[in-house]
Amino acid sequence: MTIDLTRLPASPLTDALGRPLRSLRISVTDRCNMRCRYCMPEDSYVWLPRESILSFEEIQRLVGIFADLGVQKLRLTGGEPLLRHDLSTLVSLLRSQEGITDLALTTNGILLARHAGELKAAGLRRVTVSLDTLRPNRMAEFARSERHADILDGISAARQAGLGIKLNAVVIRGYNDDELLDLIEYGHSVGAEVRFIEYMDVGGATGWSQDQVVSRAEILQLLEQRYGPVRAVRESDWAPAERFMLADATRVGIIASTTAPFCRTCDRSRLTADGTWLLCLYGETGLDLREALRTGRTDQEIAGEIADTWRARTDRGAEERAAVPSRGILYQLESLRADPRREMHTRGG
Ligand code: SAM
Ligand code: SF4
Ligand code: SF4
């Protein structure tokens, strides 16, 4: 598929704040086999209707359009993306898309051991596994899953398959804030960089409160106490994680979305599993691309709508939230039930 470039900007498409459209997170399902308290704390959810979920061909078509508009980086996420049947077929479809230089997957790792080999064979190079704790009993209580050992097996299998691995840990006071050093040591033992994420008040984080957030500053202090001086490693200005090097050369990332948001360099947008395109993790509404696909609009027309929407983008959700005095939870449960697209497991994190 090729779009008539005379209708599109010759230079990179940028939003109203000068940020390029470069990175797309694709949620392939809103279902999940875990119930992390910061994301899906409830017993029951309003799921997206099955018939609304984009097929692989629909995702591929949209990715082609986005790539022609400048998107280079894709991340498959969810819900739990490995619950989507035959995900490696989608990987191979997207891998061969011209213009896409980076394709990654974020997973809770429970099903990774089963799929690591086929994902690698399909062309996946990197995987991010969410691992908040090394203690199975903590995970059982916090995320209502007994499958901690499966996650560790998944990490080993990914390593064996030759996939690059990063580990994501959301740090929550009173849950896992005494495990940061253990997680770094574990990461070191499996050749994976650990990224600590500040607890955010997004989507289903209905139990969020400021006092549970372990800030970037606190995390750095802890690391310095244990490892001595920590050096900032300068990388791309567009990456969400700040990277640091410990005295023993181990690298660690911190994603300070709550206390030091990085909206001014945000080149990311999100596609929900039902084809709603969101311009910000905190975005209230999105552009319905499923409708556009299923009502026979041409690639050219869809590209025009995407470009116009991006040009008008002014979203700075996390920065705006950080400026709210006496910040509390963002959404009440009823509001999440009324619009499941506000859920973190629907928009992909
Ligand atoms: N299920 C997969 C997983 O957990 O890796 C992919 C989807 S999950 C929504 C993507 C990422 O969002 C995970 O790393 C998760 O830890 C993070 N996340 C979810 N809720 C969060 C919150 N309230 N604050 C910060 N990160 C959160
Ligand atoms: Fe946890 Fe990811 Fe599932 Fe959310 S989508 S409950 S973060 S495993
Ligand atoms: Fe980007 Fe929105 Fe996150 Fe800010 S809050 S970094 S604008 S997705």
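When reading the values below, keep in mind they use all heavy atoms of this one structure, side chains included, and skip hydrogens, waters and symmetry mates. Both counts, for ligands and for their atoms, begin at 1 and track the order of listing.
Every atom of ligand 3 with a heavy atom of R270 under 4.0 Å away is listed here by number and element: 8 (S). Counting atoms of ligand 1 from 1 in the listed order, those under 4.0 Å from a heavy atom of G79 are 1 (N), 2 (C), 6 (C), 7 (C). Which parts of ligand 1 touch N108 is read off a 4.0 Å heavy-atom cut-off, strictly below it: atoms 2 (C), 3 (C), 5 (O). Counting atoms of ligand 1 from 1 in the listed order, those under 4.0 Å from a heavy atom of N168 are 14 (O). Of all atoms in ligand 1, listed by their number and element, those nearer than 4.0 Å to a heavy atom of G78 are 7 (C), 9 (C). Proximity to T106 (heavy-atom distance under 4.0 Å) selects the following atoms of ligand 1: 2 (C), 5 (O), 6 (C). For ligand 1, the atoms closer than 4.0 angstrom to any heavy atom of C39 are 19 (C), 20 (N). Close approach to F262 involves these atoms of ligand 3, each under 4.0 Å from a residue heavy atom: 6 (S). For ligand 1, the atoms sitting less than 4.0 Å from at least one non-hydrogen atom of E80 are 1 (N), 2 (C), numbered in the order shown with element in parentheses. Taking every non-hydrogen atom of E198 and a distance limit under 4.0 Å, the qualifying atoms of ligand 1 come out as 25 (C).
Take atom 2 (Fe) of ligand 3 and draw a sphere of radius 2.8 Å; the protein N/O/S atoms inside it number 1.
Within 6.0 Å of CZ on R231 lie no more than 12 heavy atoms contributed by other residues, nucleotides or ligands. For Q221, the CD atom sits in a loose shell: 12 or fewer heavy atoms of surrounding residues, nucleotides or ligands are nearer than 6.0 Å. In the displayed structure, R125 atom CZ is contacted under 6.0 Å by at most 12 heavy atoms of other residues, nucleotides or ligands. Within 6.0 Å of CD in E42 there are more than 12 heavy atoms belonging to other residues, nucleotides or ligands. Applying the 6.0 Å contact sphere to CD of E146 captures no more than 12 heavy atoms from other residues, nucleotides or ligands.
Of all heavy-atom pairs spanning N108 and C32, the tightest one is ND2-SG, 3.8 Å. Taking both residues in full, the closest heavy atoms of L223 and I184 are given as CD2-CD1, 3.4 Å, listed atom of the first, atom of the second, then distance.
Less than 6.0 angstrom separates the ring centroid of F142 from the ring centroid of Y38. Taking the six-membered ring where the residue is Trp, the centroids of F66 and W310 are separated by 6.0 Å or more.
Between R321 and Y282 there is a side-chain heavy-atom pair separated by less than 4.5 Å. Side-chain contact between I53 and R290: absent, with no pair of heavy atoms (C-beta onward) separated by less than 4.5 Å.
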Side-chain donor-acceptor pairs of residues 254-261 under 3.5 Å, sequence neighbours excluded:
from	atom 1	to	atom 2	distance (Å)
T258	OG1	Y199	O	2.8
T259	OG1	E198	OE1	3.2
T259	OG1	E198	OE2	2.6

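Grouping the Ile, Leu, Val, Met, Phe, Trp and Tyr side chains by contacts below 4.5 angstrom, directly or via other members, places V233 apart from Y227.
The shortest N/O to N/O separation between S130 and ligand 1 falls below 3.5 Å. Between T77 and ligand 1, a contact under 3.5 Å exists for no N or O pair. Among the atoms of T128, none of the N or O lies under 3.5 angstrom from an N or O of ligand 1. An N or O contact shorter than 3.5 Å is missing between P81 and ligand 1 by distance. In terms of polar-atom proximity, defined here as any N/O pair under 3.5 Å, I197 makes no such contact with ligand 1.
At the shortest separation from atom 27 (C) of ligand 1 among protein heavy atoms lies M344 CE, 3.7 Å. Closest protein heavy atom to atom 24 (N) of ligand 1: M200 N, 2.9 Å. Nearest to atom 10 (C) of ligand 1 among the protein's heavy atoms is G348 O, 3.5 Å. For atom 20 (N) of ligand 1, the closest heavy atom belonging to the protein is Y38 CD1, 3.2 Å. Atom 26 (N) of ligand 1 has its closest protein heavy atom at V170 CG2, 3.5 Å.
Taking 4.0 Å as the cut-off between side-chain N and carboxylate O, D267 and R19 do not count as a salt-bridged pair. A salt bridge links R144 with D43; the closest basic N to acidic carboxylate O contact falls under 4.0 Å. A salt bridge between D15 and R311 is absent, with no side-chain N of the basic residue lying under 4.0 Å from a carboxylate O of the acidic one.
Ligand 2 is surrounded by C32, M34, C36, Y38, C39, M40, G79, N108, each with at least one heavy atom closer than 4.0 Å.
The one candidate from D132, D177, D178 that meets the salt bridge (Lys or Arg N to Asp or Glu O under 4.0 Å) condition with R138 is D178.
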Run the side chain to side chain donor-acceptor pair (under 3.5 Å) check on D86 and T89 step by step: do they pass?
-> CA-CA 6 Å; D86 202 15; T89 295; 2.7 Å; yes

Start with the C-alpha distance between W277 and S269, add both sets of side-chain angles, then the distance that settles side chain to side chain donor-acceptor pair (under 3.5 Å), and finish with yes or no.
-> CA-CA 7 Å; W277 185 47; S269 63; 2.8 Å; yes

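In this structure R84 satisfies the salt bridge (charged side-chain N to carboxylate O under 4.0 Å, His left out) test with no other residue, sequence neighbours excluded.
Not a single heavy atom of G109 sits closer than 4.0 Å to an atom of ligand 1. Using 4.0 Å as the threshold, M34 has no heavy atom nearer than that to any atom of ligand 1.
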